[in-house]
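Scroll down for the structure; my scribbles are underneath it.
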Amino acid sequence: MEPYASRGVHGQTVEVLAHRLLGGEWPEGGTLDLVALQAELDVSLTALRESLKVLAAKGLVDARQRRGTFVRPRSQWNLLDPDVIRWRLATAPADGGAGAALHRDLGEVRAIVEPAAARLAAERRGPDDLAALDDALAAMGRAVSPAEAAAADIAFHRALLAATHNELLVRMELVIESGLERRDLLVHSSAAAGDPVPHHEAVLVAVRAGDPDGAEALMRALLDKAARDLDRVSRPEPD
């Protein structure tokens, strides 16, 4: 369930406004007509303003006297915010245009962060880290639905970041997880993607063995496969 959509009228209003803004309904610098929006969404002006505060905190909108509430320049948006990533993915299909570009960007971020994280995890992992990785891999093997497979995949990568024992790298899970969830649901819904367990298991074997070079290389191989899988399932079917 979407984080804000589960929080009553306020949260649902946040989701609606975010999707419309990220979907391009209001251009950068465009002013929002709050009176019209209040009537259209059938919410109080107070609820509408509180919802806009959420978007303002993420750098999407701002309010000024005599100008009203307006969309901030894209350069000022907090593009690393997990909700912003989720909203962008929800408003752009993965098979082309902005959606494909965002998946590419997220893939490149993962290619920079996760191999290095796997190297550190091989050097610093403890018994609890290995147990968390084992549990995630086991859940991946038991998964019978795309949602279960995606959740297990995310749990594995979260546990790998935690095994670095680097607080800043651990927080990267917020960025990686937002894009990984949508990507995984898309990929795991297709039989063309194949079994995700062997590549993840290979990374875990190297981490358990304390093999930094192997863990880094195998994580690169896993991410390469992930990119190929996404490309395969996103490619339009021929007529």
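Source: prediction; values computed, not measured. All heavy atoms count here, side chains included; hydrogens, waters and symmetry mates do not. Positions are given from 1 along the sequence.
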* Structure fact -> For Arg74, the salt bridge (Lys or Arg N to Asp or Glu O under 4.0 Å) test, sequence neighbours excluded, returns none

* Trp26 side chain vs Arg20 backbone, donor-acceptor pair below 3.5 Å -> no

* Asked: Leu223 pairs by side chain to side chain contact (heavy atoms under 4.5 Å, CB included) with which of Met219, Lys225, Arg220?
  -> Met219

* Side chain to side chain, Asp129 and Arg124, heavy atoms closer than 4.5 Å -> no

* Asked: Does some side-chain heavy atom of Arg88 sit less than 4.5 Å from a side-chain heavy atom of Trp77?
  -> no

* Decide if atom CZ of Arg49 counts as having more than 12 heavy atoms of other residues, nucleotides or ligands within a radius under 6.0 Å. => no

* Structure fact -> For residues 164-177, the salt bridge (Lys or Arg N to Asp or Glu O under 4.0 Å) pairs (sequence neighbours left out) are Arg158-Glu173, Arg158-Glu177

* To do: Answer with yes or no whether the hydrophobic clustering places Val175 together with Leu160; edges join I, L, V, M, F, W, Y residues whose side-chain heavy atoms lie under 4.5 Å apart.
  => no

* Of all heavy-atom pairs between Leu89 and His103, which one has the smallest distance, and what is that distance? -> CD2-NE2, 3.6 Å

* **Side chain to side chain, Leu17 and Leu37, heavy atoms closer than 4.5 Å** => yes

* Structure fact -> All heavy atoms of Leu161 vs all of Val170, minimum pair found to be O-CG2, 3.5 Å

* Applying the 4.5 Å side-chain criterion to the ILVMFWY set and letting contacts propagate, would Val54 and Val61 be lumped into a single cluster? -> yes

* Structure fact -> For Ala159 and Ala132, the nearest pair of non-hydrogen atoms, with its separation, is CB-CB, 3.9 Å

* What pairs with Asp105 under side chain to side chain contact (heavy atoms under 4.5 Å, CB included), at least two apart in sequence or on another chain? -> Glu108

* Asked: Got a sec, which residues hit ring pair (Phe, Tyr, Trp, His ring centres under 6.0 Å) with His200, two or more places apart in sequence or on another chain?
  -> Phe156, His157

* Structure fact -> By side chain to side chain donor-acceptor pair (under 3.5 Å), Asn78 pairs with (sequence neighbours left out) none

* Under the 3.5 angstrom rule, does the side chain of Arg125 hit a backbone N or O of Arg208 as a donor-acceptor pair? -> yes

* Asked: Where is the tightest heavy-atom contact between Thr91 and His19, given as atom of each residue plus distance?
  -> CG2-O, 3.4 Å

* **Counterpart residues, side chain to side chain donor-acceptor pair (under 3.5 Å), relative to Thr13 (two or more places apart)** => none

* Side chains of Leu52 and Leu34: closer than 4.5 Å at any heavy-atom pair? -> yes

* Asked: Backbone N or O of Val197 within a donor-acceptor pair of the Glu201 side chain at under 3.5 Å?
  -> no

* With side chains defined as the heavy atoms from C-beta onward, is the minimum distance between Arg119 and Asp213 less than 4.5 Å? -> yes

* Arg86 to Glu15 - nearest heavy-atom pair and separation -> NH2-OE2, 3.0 Å

* Could you pull out the closest heavy-atom pair between Ala215 and Val207, with the gap in Å? => CB-CG2, 4.0 Å

* Check whether any side-chain heavy atom of Leu174 sits under 4.5 Å from a side-chain heavy atom of Asp81, and report yes or no. => no

